[in-house]
Amino acid sequence: MSTTKTALVTGGGSGIGLAVANRLRADGYHVATIDLNASETDFSYIADVTDRAQIDAALAEIHAALGPVTILVNAAGRDSFRRFTDISFEDWKKIVDINLHGVFHTIQAVLPDMIEAGWGRIVNISSSSTHSGVPYMSAYVAAKSGVNGLTKSLALEYGPAGITVNAVPPGFIDTPMLRKAETRGNLGDINATINATPVRRIGRPEDIAAACAFFISEEAGYITGQILGVNGGRNT
Ligand code: NAP
């Protein structure tokens, strides 16, 4: 029987999730991805994280192909820029659904495997916007702040079961999401932001993947409930 651990990465079709999937595969794990869009990775499943039936169905296939899932990285997400008074409750719920409820579904779906194994690693990708707040991103920031809170509570609840739960809030990472926001005029002057970033560059998806790989590693077993900002020093 294989002792290789299996990881599930949501949002694995693009940007940060894709880089995490590639990194974990390079580190020797079996990796499956879930995304709304096809991924270039093996074992990629098209599913919506807001739809529990789709997640359960994808997990059943992942089980059959790769065995129990004991590593979960939640990177699926979608941004939103709108003045608070212009947000309909339907739009609000949609953003919370994708960015927070999706994390609820995937964690609840994979926890039984981790409990059974007596070992697990969960890494939630939140957002550096939760450090500071961002105008016109209230729904997104509220949802991502919920992810940070969920991370801390689950770390306490499942530490005794051998499962660590941590969050990585990225800041200003060069991905399709960021470039789409730039094109729509939501980000202002990117070069001005880079000049105001202490390390003087934009983040790369691989920067986030490296933090995830550390949290997932065996040597990070004493680290749980932590929020590790990866943002070039813009938020400390
Ligand atoms: P990305 O390139 O857009 O990748 C996110 C992926 O998640 C996309 O393929 C997206 O599909 C997918 N997705 C969206 N909703 C989904 C759903 N309901 N079910 C399954 N998959 C879904 O964005 P990214 O920049 O890599 O973002 C990854 C994570 O980092 C997100 O949670 C984001 O909020 C967070 N983040 C990113 C930055 C940054 O600077 N890039 C900063 C802070 C936080 P669609 O393209 O169809 O939406």
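Fair warning: this is a prediction, and the values are worked out from it, not measured in the lab. Start at 1 and go down the list; that is how both ligands and their atoms are numbered. Excluded from the calculations below are hydrogen atoms, water molecules and symmetry mates; all remaining heavy atoms, backbone and side chain alike, are included.
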Give the atoms of ligand 1, by number and element, whose distance to some non-hydrogen atom of Ile125 is under 4.0 Å.
-> 29 (C), 30 (O), 35 (C)
Would you say the side-chain atoms of Thr10 pair up with the backbone N or O of Ala75, donor to acceptor, closer than 3.5 Å?
-> yes
Would His105 and Gln54 count as a side chain to side chain contact (heavy atoms under 4.5 Å, CB included) if you check the C-alpha gap in whole Å, the side-chain angles of each, and the deciding distance to 0.1 Å?
-> CA-CA 10 Å; His105 286 309; Gln54 289 187 27; over 6 Å; no
Can you tell which part of Tyr140 has a heavy atom less than 4.0 Å from ligand 1: side chain, backbone, both or neither?
-> side chain
Should you measure from each heavy atom of Phe172, which atoms of ligand 1 turn up under 4.0 Å away?
-> 40 (O)
When you measure from the centre of the six-membered ring of Phe81, is the NZ or CZ of Arg184 under 6.0 Å away and within 45° of the axis?
-> no
Within reach of ligand 1, part of Thr175 (heavy-atom separation under 4.0 Å) = side chain
May I ask you to check if ligand 1 and Ile98 share an N or O to N or O distance below 3.5 Å?
-> no
Please answer whether the main-chain N or O of Leu66 pairs with a side-chain N or O of Thr6 as donor and acceptor at a distance below 3.5 Å.
-> yes
Short N or O distance, Arg78 and ligand 1, threshold 3.5 Å exclusive = yes
Of all the atoms in ligand 1, which lie at a distance below 4.0 Å from a heavy atom belonging to Gly11?
-> 6 (C), 7 (O)
For atom 2 (O) of ligand 1, the closest protein heavy atom turns out to be Ser14 OG, 2.6 Å
At a 4.0 Å threshold, what atoms of ligand 1 neighbour a non-hydrogen atom of Ala76?
-> 7 (O), 21 (N), 22 (C), 32 (O)
Going by atom types alone, do Asn124 and Ser126 pair a side-chain donor with an acceptor below 3.5 Å?
-> no
Mind checking whether His101 and Thr50 have side chains closer than 4.5 Å, heavy atoms only?
-> no
Gly102 to ligand 1, any heavy atom closer than 4.0 Å = no
Got Val147 and Asn99 here, is their nearest side-chain heavy-atom distance under 4.5 Å?
-> no
Considering distance alone, does some N or O of Ile16 sit under 3.5 Å from an N or O of ligand 1?
-> yes
Hey, does Val49 come in under 3.5 Å of ligand 1, counting only N/O atoms on both sides?
-> yes
Ligand 1 to Lys144 polar contact by distance, N or O atoms, under 3.5 Å | yes
Should we count OH of Tyr136 as having more than 12 external heavy atoms under 6.0 Å?
-> no
Distance filter under 4.0 Å to Ser127 heavy atoms, resulting ligand 1 atoms | 43 (C), 44 (C)
Within reach of ligand 1, part of Ala47 (heavy-atom separation under 4.0 Å) = backbone
Has ligand 1 got any nitrogen or oxygen that is less than 3.5 angstrom from a nitrogen or oxygen of Ile173?
-> yes
Atoms of ligand 1 less than 4.0 Å from Asp48 heavy atoms?
-> 17 (C), 18 (N), 19 (N)
Is the number of heavy atoms from other residues, nucleotides or ligands under 6.0 Å of Glu116 CD greater than 12?
-> no
Examine the proximity of ligand 1 to Ser126 and report which part, side chain or backbone, both or neither, has a heavy atom under 4.0 Å away.
-> backbone
Pick from Pro176, Ala75, Gly77: the one approaching atom 29 (C) of ligand 1 most closely through a non-hydrogen atom = Ala75
Atom indices of ligand 1 within 4.0 angstrom of Asp35 heavy atoms, with elements | 6 (C), 7 (O), 8 (C), 9 (O), 10 (C), 11 (O), 12 (C), 20 (C), 21 (N)
With a 3.5 Å cut-off and no angle check, do the side chains of Thr106 and Asn74 form a donor-acceptor pair?
-> yes
How far apart are the C-alpha atoms of Tyr140 and Arg82, what are their side-chain angles, what is the distance that settles it, and do they pass the side chain to side chain contact (heavy atoms under 4.5 Å, CB included) test?
-> CA-CA 10 Å; Tyr140 178 83; Arg82 197 165 291 179; over 6 Å; no
Numbering the atoms of ligand 1 from 1, which are under 4.0 Å from a heavy atom of Gly15?
-> 2 (O), 26 (O)
For atom 23 (O) of ligand 1, what's the nearest protein heavy atom and its distance?
-> Met177 CB, 3.2 Å
Qualifying residue, where the test is salt bridge (Lys or Arg N to Asp or Glu O under 4.0 Å) with Asp174 and the options are Arg179, Lys180, Arg201 | Arg179
Heavy atom of Leu36 under 4.0 Å from ligand 1?
-> yes
Quiz: residues 153-162 side-chain donor-acceptor pairs under 3.5 angstrom, not counting sequence neighbours:
none

Mind checking whether Arg23 and Ile216 have side chains closer than 4.5 Å, heavy atoms only?
-> no
Sub-4.0 Å heavy-atom contact, Asn37 with ligand 1 = yes
Between OG on residue Ser44 and CD1 on residue Ile62, distance to nearest 0.5 Å = 9.5 Å
Nearest non-hydrogen atom to atom 43 (C) of ligand 1 belongs to which of Ser80, Gly13, Ser39, Pro170?
-> Pro170
